[in-house]
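Here is the structure we will look at.
Just so we're on the same page: letters track the sequence lines, and every chain starts at 1. Below, all heavy atoms of this structure are taken into account, side chains as well, without hydrogens, waters or symmetry copies.
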There are 2 protein chains.
Amino acid sequence: MSTADSPRAHHHGNLRAALIDAGIGMLEAGAPFSLRAVAREVGVSQTAPYRHFPDKQRLEAAMATRGFRDLQSRLEVVIGRQGGSRTPLADLALAYVRYAVGSPALYRLMFGQPCGDDDERLSASAEVFGLIEQVVASGYPGADPHGLATAGWALAHGLASLHLDGKLLGTGDAGLDARVRGAFAALLAAGQSASSSS
Amino acid sequence: MSTADSPRAHHHGNLRAALIDAGIGMLEAGAPFSLRAVAREVGVSQTAPYRHFPDKQRLEAAMATRGFRDLQSRLEVVIGRQGGSRTPLADLALAYVRYAVGSPALYRLMFGQPCGDDDERLSASAEVFGLIEQVVASGYPGADPHGLATAGWALAHGLASLHLDGKLLGTGDAGLDARVRGAFAALLAAGQSASSSS
DNA sequence: CACTAATGTATTCACTGTAAACTTTAGAGC
DNA sequence: GCTCTAAAGTTTACAGTGAATACATTAGTG
């Protein structure tokens, strides 16, 4: 039955994916994350990962890529549901921030370093942006889609990042939803009052 | 003349500050940043830093604190200058993002990890937020100051962070200013058009 | 001028990322 | 079925790291 501890010593079968899984798991569990520890977890020698990743950064890049894809599918679910919402951007941001709070360590990895090192990673993050742009285009006709999508992404990411770093004082995970909606509402409201004075 | 290589071996005089300086310098120069390397740079034994910082994280926290104070003074200059600007928040955000671009490595350190570990660091970042709140209060009367300041900070930080990570595709340091102003403008404009449909 | 606390040093340990050389296995071609 | 080769994994080794411990030097106070 068990295929895990069968005696075929070499050829794990799917080491690459197993390393990514274990890496994310350990990171999120707060366990010390090192190449050796990941290899140990998977039950393989400490240099085996080098057959699949040229160095540690590339493993991290692969983990980050997976994170972006997860995030993307979460956002797609929200987009599928929002039938003519009054606040489509804030809805999306809410799901975005919730993902970050649910996987804080991976989220930090995703945004902790430039992603010029890995094409897959870059395209995965670009797809997330594309999703935001799509929501903007259909939800805010007449607006500059690129500019507004950039603003929306930055605002969501900023809120997520500041919250994870404990810089949104007095905001627990519970009050975060309100804070996100409040931030969008405040900025939009400021736009309204500005229109009357120009 | 030289006080640097005078024969007083022990008692550097101001090791703590020297370590912070050297640490920031090496970080920003892209040099490998380790406790030992910093100690070497300052010309002191590899365990000497432990007399002033309990561990590496605390040195980093002190460096981050210095970063926040620098950022604060930059923002204060901008605030002093903006006499009735039409876009006070965007002005502030511009200075904020410019600081991040000017000290990318330190900026990443400032926001890379929770700052619950260090009181000084926490209060330094809180003071930056206070500055933003002040601008909001005087520039946007009638708006929720806390909510709008949070939104402004998050938007600025998000833009800075995404840019540093290379996720704002097709935006060099040159086009960044326009991107920042564009993001604020787009969000405010979306607020205007929303007011006509509610 | 002696004594004590502050400051810096020397030594050591477990751990990390990674390079190099070796071994085992899976599967293609005869 | 047998061999040969490339892929996948192992062993060993090395330099660098954060940190703990024990020791040495100095600055100032009494």
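The base of dT18(C) sits within donor-acceptor range of the side chain of R36(A), with an N or O pair under 3.5 Å.
The distance from atom CZ of R16(A) to atom P of dA7(D) is 16 Å, rounded to the nearest whole Å. Atom CZ in F33(A) sits roughly 8 Å away from atom P in dG17(C) (whole-Å rounding). Taking atom CZ on R58(B) and atom P on dA19(D), their separation rounds to 12 Å, with Å as the unit. To the nearest angstrom, P of dT16(C) lies 14 Å from CD of E60(A). K56(B) places its NZ atom 14 Å from the C1' atom of dC15(C), with the value rounded to the nearest Å.
In the region residues 45-53 of chain A, proximity to DNA chain C at under 4.0 angstrom, judged on heavy atoms, holds for Q46(A), T47(A), Y50(A), R51(A). DNA chain C is contacted by no residue of residues 23-31 of chain B, taking any non-hydrogen atom closer than 4.0 Å.
Between V44(A) and P54(B), it is V44(A) whose nearest contact on DNA chain D lies nearer the 5' terminus.
Dashed line: the shortest gap from a side-chain N or O of R40(A) to OP1 or OP2 of dT16(C) is under 4.0 Å.
Pairs engaging residues 22-44 of chain A under the side-chain hydrogen bond (donor to acceptor under 3.5 Å, both in side chains) rule: R36(A)-Q46(A) [sequence neighbours left out].
Here the two rings, on F111(B) and F68(B), have centers that are under 6.0 Å apart. Taking the six-membered ring where the residue is Trp, the centroids of H163(B) and Y107(B) are separated by 6.0 Å or more.
Around atom CZ of R74(B), no more than 12 heavy atoms belonging to other residues, nucleotides or ligands sit under 6.0 Å away. Atom CG of D119(A) has 12 or fewer heavy atoms from other residues, nucleotides or ligands within 6.0 Å.
Under a 4.0 Å N-O distance rule, the pair D91(A)/R181(A) qualifies as a salt bridge.
Judged purely by atom type and a 3.5 angstrom limit, R121(A) uses its side chain to pair as donor or acceptor with the backbone of M110(A). A donor-acceptor pair is defined here as one N or O able to donate and one able to accept, closer than 3.5 Å; such a pair exists between the side chain of Y99(B) and the backbone of G67(B). No donor-acceptor pair under 3.5 Å is formed between the side chain of D165(B) and the backbone N or O of K167(B).
Distance from the side chain of L15(A) is smallest for dG9(D) among the nucleotides dG8(C), dT16(C), dG9(D).
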